[in-house]
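All remarks here apply to the structure that follows.
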Amino acid sequence: AQSVTQPDIHITVSEGASLELRCNYSYGATPYLFWYVQSPGQGLQLLLKYFSGDTLVQGIKGFEAEFKRSQSSFNLRKPSVHWSDAAEYFCAVVPILTGGGNKLTFGTGTQLKVEL
Amino acid sequence: GAGVSQSPSNKVTEKGKDVELRCDPISGHTALYWYRQSLGQGLEFLIYFQGNSAPDKSGLPSDRFSAERTGGSVSTLTIQRTQQEDSAVYLCASSPSDTQYFGPGTRLTVL
């Protein structure tokens, strides 16, 4: 079945440490890939996206993600985490050629806690 | 510029009552999406509009849920005879093409 998996429900890192959030997908063809962030009581903010081309994608707030076709993964990284990065992070996909718009399928999210 | 706005931000209603949730998309965005975010189900797609038409309603959980979009702009999601399981945050997103931009959501609580 088609799915998006975020294996880590909760992650805690120290401020200044590096961060990697995992995302794996299961689709026949490489879908469009997105990372969104949600702060408490807020909507979803787009961090970055991958459609094709360079497999290392730069986003806002110093985040980047790397698409690895062989691993069906699209992991989110940040070299040095700031306390303001504490939030919930969602990986999402749009299967290509669905014929019904670009509806997003989301992973279950990873809650990031930053220790000062 | 102005982003996606949703109203009300919070809605508390009694079981069995009807509710209407409103979404104002970013001007010029032709596509509009509704999603629901709940503790048990995560983020789920509800319905997609292209212009005023809804080519994909596959995510609406029951016939108590309906939505419309007028003038290629504002959209209203209506839930009739609300049930406690309808309690969730309802998110709207608009899109000019491949990327969706989300509003802050409406938190619906059904007592």
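Nothing here was measured: the structure is a model prediction, and the numbers come from that model. Just so it is clear: chains get the letters A, B, ... in the order the sequence lines come, proteins before strands, and each one is counted from 1.
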Please look at [X] and chain A and tell me whether the side chain, the backbone, both or neither of the residue comes under 4.5 angstrom of a heavy atom of that chain.
{"X": "B/Leu43", "result": "both"}
{"X": "B/Gln37", "result": "side chain"}
{"X": "B/Ser97", "result": "backbone"}

Other residues, nucleotides and ligands only: do more than 12 of their heavy atoms fall within 6.0 Å of [atom1] on [X]?
{"X": "A/Ile9", "atom1": "CD1", "result": "no"}
{"X": "A/Gln58", "atom1": "CD", "result": "yes"}
{"X": "B/Leu39", "atom1": "CG", "result": "no"}

Do [X] and [Y] land in one hydrophobic cluster if side-chain heavy atoms of ILVMFWY residues count as linked below 4.5 Å?
{"X": "B/Leu46", "Y": "B/Val19", "value": "yes"}
{"X": "A/Val93", "Y": "A/Phe63", "value": "yes"}
{"X": "A/Tyr50", "Y": "A/Tyr89", "value": "yes"}
{"X": "B/Val4", "Y": "A/Leu44", "value": "no"}

A/Thr105 side, atom OG1; B/Glu44 side, atom CD - distance, nearest 0.5 Å:
10.5 Å
Indicate the atoms forming the closest heavy-atom contact of A/Tyr32 with B/Asp98, along with that distance.
CE1-OD1, 4.0 Å
Could you check B/Tyr35 against A/Phe106 for side chain to side chain contact (heavy atoms under 4.5 Å, CB included), going step by step and ending with a plain yes or no?
CA-CA 10 Å; B/Tyr35 295 87; A/Phe106 289 90; 3.9 Å; yes
Test item: A/Gln38 and B/Phe102 side chains (from C-beta on) under 4.5 Å apart, heavy atoms
no
State, with a plain yes or no, whether a side-chain heavy atom of A/Leu104 is found less than 4.5 Å away from one of B/Phe45.
no
Between A/Leu46 and chain B, which part of the residue has a heavy atom less than 4.5 Å away: side chain, backbone, both or neither?
side chain
Donor-acceptor under 3.5 Å (B/Gln100 side chain, A/Asn102 main chain)
yes
